[in-house]
There are 4 protein chains.
Amino acid sequence: MADLSTATPDKRTLILNAMVDLVAERGFHNAPISLLARRSGVSAGIVYHYFENKDDLIRALYKHIKAQWSAALLLNHPQHLPYPANLERLWQNAYRFYVDHPRATLFLEQYENSPYQVGGHEIGLDENLETVFAMVQAEIAQGNLADLPTDLLYEMTLGIAVRLAKRVIAGHLHLEDVLLGWIAAAVYRGVRP
Amino acid sequence: MADLSTATPDKRTLILNAMVDLVAERGFHNAPISLLARRSGVSAGIVYHYFENKDDLIRALYKHIKAQWSAALLLNHPQHLPYPANLERLWQNAYRFYVDHPRATLFLEQYENSPYQVGGHEIGLDENLETVFAMVQAEIAQGNLADLPTDLLYEMTLGIAVRLAKRVIAGHLHLEDVLLGWIAAAVYRGVRP
Amino acid sequence: MADLSTATPDKRTLILNAMVDLVAERGFHNAPISLLARRSGVSAGIVYHYFENKDDLIRALYKHIKAQWSAALLLNHPQHLPYPANLERLWQNAYRFYVDHPRATLFLEQYENSPYQVGGHEIGLDENLETVFAMVQAEIAQGNLADLPTDLLYEMTLGIAVRLAKRVIAGHLHLEDVLLGWIAAAVYRGVRP
Amino acid sequence: MADLSTATPDKRTLILNAMVDLVAERGFHNAPISLLARRSGVSAGIVYHYFENKDDLIRALYKHIKAQWSAALLLNHPQHLPYPANLERLWQNAYRFYVDHPRATLFLEQYENSPYQVGGHEIGLDENLETVFAMVQAEIAQGNLADLPTDLLYEMTLGIAVRLAKRVIAGHLHLEDVLLGWIAAAVYRGVRP
DNA sequence: AATGAATGAGCATTCATTCAT
DNA sequence: TATGAATGAATGCTCATTCAT
């Protein structure tokens with residue numbers, strides 16, 4: 001996947017980008033700083049100039065990717081579309097992000113299933129996620145979505161997107177655009193009141 | 001979670017049981033053989049009598065847990081119930097397994113999101129999974145389920161169960177029995193033809 | 001100096017012995033575990049089997065040497081001699097230990113002047129030191145020694161021995177036996193009531 | 001201890017002052033240049049403008065402190081007093097310096113017990129020390145001091161002052177003024193011919 | 001079968017020193 | 001003079017794996 005960033009590749013970004021790849025390919029363990037340095041084209045020491053330690057680097061990377069992800073959710077402004085197109089576009093945006101950034105996806109899933117995350121350190125809502133949240137609340141108010149706990153709604157909709165994307169990334173599954181449209185619709189059909 | 005096994009706790013089983021806990025608590029890395037040995041009450045050396053190496057141990061553990069899981073799917077014989085009760089019981093069985101075996105669940109998720117699994121090593125269908133597979137095919141034939149790729153159907157139904165269970169395990173979510181029934185139904189509503 | 005121990009050179013002792021030499025020659029820093037291992041003829045890893053970490057090793061070594069030292073104080077049973085021969089023999093025993101074990105002496109002085117010690121971790125009195133302490137108290141009671149704080153008495157008598165020994169070890173000073181006798185006497189003349 | 005210097009705090013002095021503190025608190029190792037720079041309020045690079053390298057810095061600091069010390073010895077002009085007041089004031093001056101400059105004292109002791117010093121690099125006599133030396137020689141000629149090697153005389157008198165000061169600094173000992181007077185006298189009583 | 005001491009490669013991290021600006 | 005980012009060698013420590021007993 002390489003460069004998630006659109007900024008000039010300063011050293012900090014070079015390191016972050018190399019780290020996603022490394023973790024995706026080899027896992028947290030087996031992603032030694034020495035290799036990270038070689039791949040980033042920097043020295044091992046400088047990593048500790050930009051990050052306190054390896055854990056800090058990994059957490060920073062997580063935040064970095066999560067920010068890209070939440071920005072991707074709002075591509076093509078789903079918030080300006082009528083129901084159900086708005087939620088379906090949201091879903092397809094999420095799915096797209098995962099499929100288009102396979103390394104980031106593998107990183108995210110490793111992170112969220114490791115003791116790093118399990119121990120807490122939740123990431124707060126950023127501005128984009130707040131917009132998404134508002135969209136969902138509005139549809140609940142409209143009677144288009146069941147009034148369920150946020151986490152439950154999340155898992156029954158966007159949660160499916162990651163899992164499908166991982167299957168696609170692994171090559172176990174191929175999803176045509178038409179089918180994707182059907183899935184996006186089906187997902188929200190499942191959570192009508 | 002401790003003992004998944006119902007057999008006499010021979011050394012091999014002691015080791016496997018200790019390993020689930022260790023990985024769930026600390027991750028693959030940070031689950032050193034020395035600690036495993038101490039927790040199992042065996043010597044470090046003997047681990048290499050029962051398993052070729054650490055990877056082999058982890059893979060064996062994965063198979064071990066997957067077998068318990070597939071057995072759990074058929075608790076109370078969902079295969080003898082009419083649609084949609086059969087699929088809903090299946091779903092609830094899966095969910096129950098995850099919630100009742102949190103350590104195993106965390107292990108499974110770590111494993112399936114790590115380069116161990118990504119590299120392949122698919123686990124074949126055992127007898128129980130074949131029964132499940134047959135149930136699904138039958139419902140497709142009956143027109144109760146959309147005729148979608150197995151993986152896709154899986155993710156849109158049982159895949160949700162793990163994710164919800166993880167939220168519950170983490171304490172972020174609490175699901176009442178009534179709600180669970182609703183979810184099980186909703187999930188299959190989403191994948192009607 | 002090498003072997004302070006009279007026991008069979010088990011690995012733990014080999015490591016301790018090599019460490020005194022190393023620290024004496026090169027200081028705490030510049031006494032890397034890798035070199036220690038090479039000199040001890042063991043692997044680097046095994047050091048951590050016998051000691052928790054480098055600090056622990058150093059503290060263990062300090063205790064080890066202090067024990068040899070306190071044993072050396074009572075060579076030829078000064079406690080059975082009359083005043084002032086008893087105290088003078090004590091003093092000469094201390095001096096002898098330092099001069100005969102230059103590496104140990106340099107280690108002790110480094111340790112006692114480093115933040116290791118300054119932070120506390122005082123070593124309690126062992127049996128030998130209790131005997132010494134009793135001797136001193138007896139002489140105070142007899143009116144042969146001024147009734148001063150223990151630490152003060154210590155520094156005005158035995159404290160001088162280390163400092164002289166270090167000069168001798170460094171080759172800056174040479175002390176004949178006769179002169180030593182005079183010093184031992186002079187030292188205790190200084191602390192008469 | 002902070003500022004030993006009475007001069008304007010130019011950068012070189014800022015560095016030296018910060019280094020005493022650092023070494024006293026944390027030892028030679030654990031006194032990294034980066035921290036030294038932060039504490040001095042200068043950049044890491046500039047240290048290498050004023051000093052060739054870390055060793056050079058440490059040696060310069062040693063000389064710096066030794067000069068303050070030898071100046072302190074002659075406070076209130078002991079050289080103009082009659083025996084034994086002259087030597088006793090000398091002793092008390094030494095003791096005072098140590099107790100009033102605990103950081104410097106800890107630095108000195110670390111330095112003098114480390115391989116920095118052991119390897120040689122003796123500090124020559126400065127003007128003040130020559131005055132002191134002359135005082136001692138005069139008293140030997142007068143028959144007030146035993147005609148012993150300088151180093152031996154030194155250790156039996158001023159050498160005790162450092163050791164006592166270190167005990168006081170560590171809080172293990174408290175010495176009243178009256179007692180100090182007694183000690184100063186006692187020390188010289190010990191080295192009468 | 002079983003032990004646990006022993007090995008040594010590998011890793012995260014630190015830090016003296018340099019150098020472009 | 002002055003900065004501080006950058007380097008990379010060195011260090012403490014861990015851990016999978018082996019093997020003598």
Side-chain angles (χ1 to χ4, degrees), chain A residues 10-12 14-15 28-38 40-58, chain B residues 10-12 14-15 28-38 40-58, chain C residues 10-12 14-15 28-38 40-58, chain D residues 10-12 14-15 28-38 40-58:
Chain A
D10 61 303
K11 242 158 224 191
R12 201 187 119 100
L14 285 175
I15 292 168
F28 288 130
H29 67 299
N30 262 324
I33 299 291
S34 55
L35 182 54
L36 172 65
R38 206 173 316 134
S40 316
V42 303
S43 74
I46 201 62
V47 173
Y48 292 85
H49 183 74
Y50 291 105
F51 304 95
E52 227 166 273
N53 51 40
K54 200 180 172 184
D55 271 29
D56 182 45
L57 161 61
I58 287 173
Chain B
D10 61 304
K11 258 173 204 181
R12 201 186 120 99
L14 285 174
I15 292 169
F28 288 129
H29 65 299
N30 261 323
I33 299 291
S34 56
L35 182 53
L36 172 66
R38 206 174 316 134
S40 317
V42 303
S43 75
I46 202 62
V47 173
Y48 290 82
H49 178 75
Y50 291 104
F51 305 95
E52 219 167 285
N53 52 38
K54 201 181 171 182
D55 272 28
D56 181 46
L57 161 61
I58 287 172
Chain C
D10 61 303
K11 242 158 224 192
R12 202 186 119 100
L14 285 174
I15 292 169
F28 288 129
H29 66 299
N30 263 324
I33 300 290
S34 55
L35 183 53
L36 172 66
R38 205 172 318 133
S40 316
V42 301
S43 74
I46 201 62
V47 173
Y48 294 85
H49 182 74
Y50 292 104
F51 305 94
E52 227 166 273
N53 51 41
K54 200 180 171 183
D55 271 29
D56 181 45
L57 161 61
I58 286 172
Chain D
D10 60 304
K11 260 173 200 181
R12 201 187 119 100
L14 284 175
I15 293 169
F28 288 128
H29 65 298
N30 261 325
I33 300 290
S34 55
L35 182 53
L36 172 66
R38 205 173 318 136
S40 316
V42 303
S43 75
I46 202 62
V47 173
Y48 290 82
H49 178 74
Y50 291 105
F51 305 95
E52 219 166 284
N53 52 39
K54 201 181 172 183
D55 272 28
D56 181 46
L57 161 60
I58 286 172

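Proteins get letters first, then strands, A, B, ... in listed order; numbering begins at 1 in each.
Rounded to whole Å, the distance from CG on D:Leu35 to P on F:dG4 is 15 Å. Atom C1' of nucleotide F:dT7 and atom NE2 of A:His49 are separated by 12 Å, given to the nearest angstrom.
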Base-pair map of DNA chain E as dot-bracket, where | denotes pairing with a different strand and pairs are Watson-Crick or G-U under 3.5 Å: .||||||||||||||||||||
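A:Ile46 comes within contact range of at least one nucleobase, with a heavy-atom separation under 4.0 Å. Using a 4.0 Å heavy-atom criterion, one finds that B:Phe51 contacts no nucleic acid atom at all.
Note that OH of B:Tyr50 and CG of B:Asp56 are 14.0 Å apart. Values are rounded to the nearest 0.5 Å. In this structure, B:Leu57 CG and B:Arg12 CZ are separated by 8.5 Å, a value rounded to the nearest 0.5 Å.
Mapped onto DNA chain E by nearest heavy atom, B:Ala44 and D:Asn30 fall at different nucleotides, with B:Ala44 at the one closer to the 5' end. Nucleotides of DNA chain E nearest to A:Pro32 and D:Pro32 differ in position, and the one nearer the 5' end is that of A:Pro32. DNA chain F is contacted by both B:Ile33 and A:Ser43; A:Ser43 maps to the nucleotide lying nearer its 5′ end (nearest heavy atom per residue).
Closest to the C:Tyr48 side chain, of the nucleotides F:dT3, F:dT7, F:dC13, is F:dC13.
The two residues C:Ala37 and C:Ser43 make their nearest non-hydrogen contact at CB-C, 3.7 Å.
Exactly one of B:Ile33, B:Ile15, B:Ile58 qualifies for a side chain to side chain contact (heavy atoms under 4.5 Å, CB included) with B:Phe51. That residue is B:Ile15.
Taking the side chain to side chain contact (heavy atoms under 4.5 Å, CB included) definition, one finds that A:Asn30 meets it with A:Arg26, sequence neighbours left out.
Note that the first and last nucleotides of DNA chain E, 5' to 3', having any atom under 4.0 angstrom from a heavy atom of chain B are E:dA1 to E:dG4.
D:Phe28 and C:His29 have tilted rings, their planes meeting at an angle from 30° to 60° on a 0 to 90° scale.
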